[in-house]
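The structure under discussion appears below in the form of structure tokens.
Throughout, a chain's letter reflects where its sequence line sits, starting with A, and its residues are numbered from 1. What you see is a predicted model, and the numbers here were worked out from it, not measured in a lab.
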There are 2 protein chains.
Amino acid sequence: MMELTRKGEYAIRGIVYLAGKPIDKVCLLSDIAAAVDVPPTFLAKIFQQFSKIGLVKSFRGTGGGFLLGRAPENITLLEVVEAVEGPIIPNRCVVSPPECERSGFCKVHPVWKRVQGEVRSVLAGVTLKELTNKEH
Amino acid sequence: MMELTRKGEYAIRGIVYLAGKPIDKVCLLSDIAAAVDVPPTFLAKIFQQFSKIGLVKSFRGTGGGFLLGRAPENITLLEVVEAVEGPIIPNRCVVSPPECERSGFCKVHPVWKRVQGEVRSVLAGVTLKELTNKEH
DNA sequence: AACTAAAAAGACTATATGTATCCTTTTAGG
DNA sequence: CCTAAAAGGATACATATAGTCTTTTTAGTT
């Protein structure tokens, strides 16, 4: 249960790869896909999502490709995961307004809130910088 | 992402209902299902799983039904969830032996381990007793 | 202007998972 | 032996996941 999908896994691999490159190095999608072992067409969809919210910058045409949208130390794993997987929702009942007609008397609700908080907190505490294999 | 399935949700509702009944009160599946608003055939499957691992005791035939397998204060939410959803696996890479051929150099791995630990810890810290609406 | 490189966008397919339902079998009591 | 109730197995349908293919847009090059 609670498993990250391939999409999320691939998203992380792809953007961590970008984060490990020089900040001004425009990378081809095809190169990224080959480097992190992800189907290029699938990674394209993922990077389109990233691009829309500014996590990466994209350039079309000859000499085009992708750059990281912000400095790696300013992008958290939580942002990356939520960008492609949507919000961290351990149970429907934690969305607001509560979808659960049982809230009010359901004692499980606060537990899921806590789970959500812990997961978000762990992921928000990790930046792309820490995930690259670059020293210094 | 990371959403509990209906099965998990129903499982919790069903067993919490049982936990709120007197310890020796044999409950009919049909009554439980009606009380917690879950399709009876679906709940049957769930309780079969519970029964196999002793979370509930089942009795067949006339006068049959279900009892909680242990005292409510000795059953955690983690056990209930894992009974029907399987282990808490935020990413494939946390299963042992690691399924991820990238472990060893992948810096994300320990993060997922931490997520897994936090979620398990929250769920393990809640017992069925605390989830019933019974006072005292 | 024409050609080429590269990402964006949209339609489409296959497989797996989730959400059940139905039918038959087993077990137990009256 | 009849009835009540859970167990087990097969099946059906919907949705989500995982991925592909084709066309369009954008931008640099010749």
Chi angles and distances behind the side-chain hydrogen bond (donor to acceptor under 3.5 Å, both in side chains) call for E130(B), T127(B): CA-CA 6 Å; E130(B) 301 156 44; T127(B) 72; 3.1 Å; yes
If only side-chain N and O atoms of [X] are considered, is one of them under 4.0 Å from the OP1 or OP2 phosphate oxygen of [N]?
| X | N | result |
| --- | --- | --- |
| Y10(B) | dA20(C) | yes |
| S51(A) | dA8(C) | yes |
| S58(B) | dA5(D) | no |
| T5(B) | dT19(C) | yes |

Check ion pair E9(A)-R13(A) (N to O, under 4.0 angstrom): yes
Presence of salt bridge, E79(A) and R70(A), under 4.0 angstrom: yes
Checking all strands, does [X] fall into the base, sugar-phosphate, or nothing category for heavy-atom contacts under 4.0 angstrom?
| X | value |
| --- | --- |
| K7(A) | sugar-phosphate |
| K57(B) | nothing |
| T41(A) | base |
| F47(A) | nothing |

Could you tell me the separation between the [atom1] atom of [X] and the [atom2] atom of [N], rounded to a whole number of Å?
| X | N | atom1 | atom2 | value |
| --- | --- | --- | --- | --- |
| Q48(A) | dA6(C) | CD | P | 16 Å |
| K45(A) | dA16(D) | NZ | P | 18 Å |
| E85(A) | dA18(D) | CD | C1' | 12 Å |
| F50(B) | dG8(D) | CZ | C1' | 18 Å |
| F42(B) | dA10(D) | CZ | C1' | 16 Å |
| R60(B) | dG30(C) | CZ | C1' | 19 Å |
| R6(A) | dT17(C) | CZ | P | 10 Å |
| I32(A) | dA7(C) | CD1 | C1' | 11 Å |

Non-hydrogen side-chain atoms of I15(A) and L68(A) separated by less than 4.5 Å: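 Yes. Closest side-chain heavy atoms under 4.5 Å.
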dG8(D) base / K52(B) side chain donor-acceptor hit below 3.5 Å: no
Residue whose closest nucleotide on DNA chain D lies nearer the 5' end, T62(A) versus G64(B): G64(B)
L28(B) side-chain proximity, nearest of dA7(C), dA7(D), dA5(D):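 Within the option list, the nearest is dA5(D).
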Cluster overlap I53(A) with Y10(A), hydrophobic side-chain contacts below 4.5 Å: yes
